[in-house]
*Asks:* 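One structure, pasted below without further comment.
These numbers come from a predicted model, not from an experiment.
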Amino acid sequence: MLLSIILISSALALVLAIISFWLPQMTPDMEKLSPYECGFDPLGSARLPFSMRFFLVAILFLLFDLEIALLLPTPWAIQLYSPSTTILWASLILVLLTLGLIYEWIQGGLEWAE
């Protein structure tokens, strides 16, 4: 029984590996061959102006990504001695980040085009 499972799974893995080499279309262009996929020319001048709006959106993404990492243990706070303190701090983080997002929105920092 165990030998048949190992043989079937090995055969399936081998068939899928062989198919994965034949199926994709290999038509790379200059963008796909570039080491950076963000649209910058890696061999061009390093003194080109950088879009400040792109930078602000990237910082906001990192900030809200960090928020998720900080709030992830919150459901386990119910098992603590005083879960209300943890819930209070988590709510404070959410309120501060929401106020910051509203401020950025009002100031026009989230407007991509002028």
*Asks:* Under the side chain to side chain contact (heavy atoms under 4.5 Å, CB included) test, which residues partner Ile18, sequence neighbours left out?
*Replies:*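 For Ile18 the side chain to side chain contact (heavy atoms under 4.5 Å, CB included) partners, ignoring immediate neighbours, are Leu14, Trp22.
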*Asks:* Roughly how far, to the nearest 0.5 Å, is the CD1 atom of Ile106 from the CD atom of Glu104?
*Replies:*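 The distance works out to 10.5 Å.
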*Asks:* Between Leu101 and Phe64, which heavy-atom pair has the shortest distance, and what is it?
*Replies:*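 The answer is CB-CZ, 3.9 Å.
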*Asks:* What's the separation between atom CD1 in Ile102 and atom CD in Gln107, rounded to the nearest 0.5 Å?
*Replies:*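 So the gap between those two atoms works out to 13.0 Å.
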*Asks:* Ignoring hydrogens and geometry, is there a side-chain-to-backbone donor-acceptor pair from Ser10 to Leu7 under 3.5 Å?
*Replies:*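 Side chain of Ser10 to backbone of Leu7, a donor-acceptor pair under 3.5 Å: no, none is there.
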*Asks:* Which pairs of donor and acceptor atoms, one on a side chain in residues 78-95, lie under 3.5 Å apart (sequence neighbours left out)?
*Replies:*
from: Ser91; atom 1: OG; to: Ile87; atom 2: O; distance (Å): 2.8

*Asks:* Rounded to the nearest 0.5 Å, what separation is found between the CD atom of Glu67 and the CG atom of Leu72?
*Replies:*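 The CD atom of Glu67 sits 11.5 Å away from the CG atom of Leu72.
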